[in-house]
Student: 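Submitted below is the structure of interest, expressed as structure tokens.
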Amino acid sequence: PFLWSHLIRVYAACDHLMEANQVFLQNPSESVFTWSAIISAYSKVGQGQNAIDLFHEMQRAGEIEADKPILLAVLKGCSAISASYYARIIHFHVLIDGLESDLSLSNCLVDTYAKCKSLSDARKVFADQTRKDIITWSSLMIGYSDHGNGYDVLMLHCQMQIEGMDTNRVTLISILKACLSIGTLFHIKFIHAYILEKGFGSDKVICNTLIDVYAKCGGLKEAHDVFLELPDQD
RNA sequence: CAAGGUACUUCUG
């Protein structure tokens, strides 16, 4: 019963996708669990096309109805290969299933559109969100920063503060990455101070990001200073 | 009866 989906997952976790696929093909009891197991296995390792093809096949067979975890897994596959056209198809499924107010699905749509560089689509989903959490905000902020839209990151951060959402390490990372497109050393130092004020001064990933951004913006000395204060350099 | 799901540094890809 539930052994099949577990077995698929175990193989996938060991990077044995071929075996996982064999198990999937031979399993006598297909269900949303086995389908989500195999689709997310492919999505997770970046084989988005396989994830999409499997989803398509599932739809064609018509035995199993796509549910939330399956839609999330396919969306992750879309991000992996920048398939914005397929993200729109999944978006459509979400709408006809009346799931547009589901927080994790709409967050995932924002993230997927952003990763596919469809920033205006991401923005539209974001704007229609009635509820937002920190993942909603960080998904869009990371999307903007990854595509060089630094000012949009800063404006979102302001708006987030106004709406009373606390910043966290992910949104701070997006702000630092925003410096790569708009930043002067002065900006980075300002954000650095803000990071210390928020108590993230010893977060290793934040420090690494700081070093990188300083270095890329001509602040080698500042980068070195952060490096020296790292508890465990590697 | 139980099992699956979203944001996360650099470099390389």
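Chain A is the first sequence line, chain B the second, and so forth, proteins listed ahead of strands; every chain is numbered from 1.
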Student: Choose from B:U9, B:A7, B:G4 the nucleotide whose nearest atom is closest to any side-chain atom of A:D111.
Tutor: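 Comparing B:U9, B:A7, B:G4 against the side chain of A:D111, the answer is B:A7.
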Student: Regarding A:R169, tell me which of base, sugar-phosphate or nothing describes its non-hydrogen contacts under 4.0 Å with the strands shown.
Tutor: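 If one applies the 4.0 Å heavy-atom cut-off, A:R169 turns out to touch a base.
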Student: Among all residues two or more places apart in sequence or in another chain, which pass the side-chain hydrogen bond (donor to acceptor under 3.5 Å, both in side chains) test with A:K76?
Tutor: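 A:K76: no side-chain hydrogen bond (donor to acceptor under 3.5 Å, both in side chains) contacts found.
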Student: At 4.0 Å (heavy atoms only), tell me whether A:I70 reaches a base, stays on the sugar-phosphate, or touches nothing.
Tutor: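 The residue A:I70 makes base contact.
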Student: Can you check the A:I134 CD1 to B:A7 P distance for me, whole Å?
Tutor: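 Those two atoms, CD1 and P, are 14 Å apart.
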Student: Could you identify which residues of residues 32-58 of chain A place a heavy atom less than 4.0 Å from some atom of RNA chain B, listed by residue number, or say none?
Tutor: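 Hits under 4.0 Å, by residue number: A:V32, A:F33, A:S36.
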Student: Name all stems that contain residues of RNA chain B, defined as runs of 3 or more consecutive Watson-Crick or G-U wobble pairs, both distances under 3.5 Å.
Tutor: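 Stem list for RNA chain B: none, no run of 3+ pairs.
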Student: Are A:W35 and A:F24 near enough that their ring centres are under 6.0 Å apart?
Tutor: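 Yes, the ring centres sit under 6.0 Å apart.
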Student: Return the value, rounded to whole Å, for the distance between atom CE of A:M141 and atom P of B:A7.
Tutor: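 That distance rounds to 16 Å.
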Student: I need the residues from residues 217-234 of chain A with at least one non-hydrogen atom less than 4.0 Å from RNA chain B; give them sorted by number, or say none.
Tutor: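 The answer is none.
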Student: When the distance from CG of A:L3 to C1' of B:A2 is rounded to whole Å, what number comes out?
Tutor: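 So the CG-C1' distance, A:L3 to B:A2, works out to 12 Å.
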Student: Distances under 3.5 Å between protein N/O atoms and the N/O atoms of nucleotides 11-13 of chain B, please, pair by pair.
Tutor:
from  : atom 1 : to     : atom 2 : distance (Å)
B:C11 : OP1    : A:K216 : NZ     : 3.0

Student: Show every donor-acceptor pair shorter than 3.5 Å between a side-chain atom in residues 225-234 of chain A and any protein atom, with sequence neighbours excluded, or say none if there are none.
Tutor:
from   : atom 1 : to     : atom 2 : distance (Å)
A:D225 : OD2    : A:K221 : NZ     : 3.0
A:Q233 : NE2    : A:F227 : O      : 2.9
A:D234 : OD2    : A:K204 : NZ     : 2.9

Student: Is there a side-chain contact between A:K204 and the phosphate of B:U9, meaning an N or O under 4.0 Å from OP1 or OP2?
Tutor: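 It does not, given that no N or O in the side chain of A:K204 lies less than 4.0 Å from OP1 or OP2 of B:U9.
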Student: Distance criterion of 3.5 Å, no angle test: do you see the side chain of A:S138 paired donor-to-acceptor with the base of B:A7?
Tutor: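 Pair found.
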Student: Please classify the nucleic acid contact of A:T209 as base, sugar-phosphate, or nothing, using heavy-atom distances under 4.0 Å.
Tutor: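 Counting heavy atoms under 4.0 Å across all strands, the contact made by A:T209 is with sugar-phosphate only.
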Student: Rounded to the nearest angstrom, tell me the gap between atom NZ in A:K76 and atom P in B:U6.
Tutor: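 A:K76 atom NZ is separated from B:U6 atom P by 4 Å.
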